[in-house]
Amino acid sequence: MIRGFYYLLLPLALLFWIGWGLKFGIWWDIGIYSVLVVLLGFSLIGGFVVYGKTN
């Protein structure tokens, strides 16, 4: 179940990026980049590395 929450961060990052780009017209900015790196980093590290080893 916890691994599912980690993998839920992937579409959340994508939706955040698309929503921000459509609303403000800025697709790449340091703030967007930092939020995406954190969301994608937690998702990939948590899903694959931490909870991927349990199976």
Side-chain angles (χ1 to χ4, degrees):
M1 184 166 121
I2 296 173
R3 184 174 32 178
F5 287 120
Y6 277 117
Y7 288 136
L8 187 66
L9 292 175
L10 284 171
L12 180 66
L14 182 65
L15 288 173
F16 174 77
W17 181 54
I18 291 171
W20 187 277
L22 290 174
K23 181 164 177 68
F24 297 109
I26 299 172
W27 292 94
W28 288 111
D29 188 47
I30 190 68
I32 299 168
Y33 180 72
S34 62
V35 170
L36 289 179
V37 165
V38 169
L39 285 174
L40 293 174
F42 276 124
S43 175
L44 295 175
I45 290 172
F48 290 127
V49 175
V50 176
Y51 287 101
K53 292 181 179 179
T54 59
N55 288 340

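What you see is a predicted model; the values in this text were computed from it and never measured.
Phe24 contributes atom CZ, which lies 11.0 Å from atom CG of Asp29 (distance to the nearest 0.5 angstrom). Atoms CG and CG, on Leu39 and Leu44 in that order, are 10.5 Å from each other to the nearest 0.5 Å. The line from CG of Leu9 to CD1 of Ile45 is 11.5 Å long, rounded to the nearest 0.5 Å.
Minimum interatomic distance between Tyr7 and Ser43 (heavy atoms only, all atoms of both residues): CA-OG, 4.0 Å.
Leu36 pairs by the side-chain contact (heavy atoms from CB on, under 4.5 Å) definition with Ala13, Phe16, Trp17, Trp28, Ile32, not counting sequence neighbours. Not counting sequence neighbours, the partners of Leu22 by the side-chain contact (heavy atoms from CB on, under 4.5 Å) test are Ile18, Trp27.
The hydrophobic cluster containing Ile26 also contains Val37, counting ILVMFWY residues as joined when their side-chain heavy atoms lie under 4.5 angstrom apart, directly or transitively.
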